Amino acid sequence: MEYICEVCDKPITPNARGKIRVEGVTHSSAPKAWIWGPVPCHDECRLNLRTPYDDQISVDGYILTWQDMTA
């Protein structure tokens, strides 16, 4: 399966462990439950990721979250 970066629309190559980075939004009260995402994202693109919750990050308990996921 090919994964495409949410930010730059280019393919993501899994790392040596066969994992890719995914990013999304969770809430501090339930950090393992995705509110938005997860979406594939290059590590270098993560600072340019835009979500529908950008104006609520760090204000209403919403937090940006990432994890390595098996590709």
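In this text the structure is predicted, and so the values were computed from the model without any measurement.
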Listed once per pair and sorted, the salt bridge (charged side-chain N to carboxylate O under 4.0 Å, His left out) pairs that draw on residues 47-58, sequence neighbours left out: none
Distance-only donor-acceptor hits, side chain of residues 1-10, under 3.5 Å, sequence neighbours excluded:
none

Establish whether Val22 and Ile12 are linked, either directly or via other cluster members, by ILVMFWY side-chain heavy-atom contacts under 4.5 Å. yes
Anything under 3.5 Å between a donor and an acceptor, one on a side chain of residues 32-48, the other on a protein residue two or more places apart or in another chain? List them.
| from | atom 1 | to | atom 2 | distance (Å) |
| --- | --- | --- | --- | --- |
| His42 | NE2 | Pro11 | O | 3.0 |
| Asp43 | OD1 | Arg21 | NH1 | 2.8 |
| Asp43 | OD1 | Arg46 | NE | 3.3 |
| Arg46 | NE | Asp43 | O | 3.4 |

Partners passing side chain to side chain donor-acceptor pair (under 3.5 Å) against Ser29 (at least two apart in sequence or in another chain): His27
Qualifying ring-ring contact (aromatic ring centres under 6.0 Å, His included) pairs with a residue from residues 4-24, counting only residues at least two apart or across chains: none
Could you give all pairs that pass the side chain to side chain donor-acceptor pair (under 3.5 Å) test and reach residues 58-71, with sequence neighbours left out? Arg17-Asp68, Lys19-Thr70, Thr26-Thr65
Suppose we screen for side chain to side chain donor-acceptor pair (under 3.5 Å). Which residues come up paired with Asn15, at least two apart in sequence or across chains? none
So, do Leu64 and Val25 sit near enough that their side-chain heavy atoms are less than 4.5 Å apart? yes
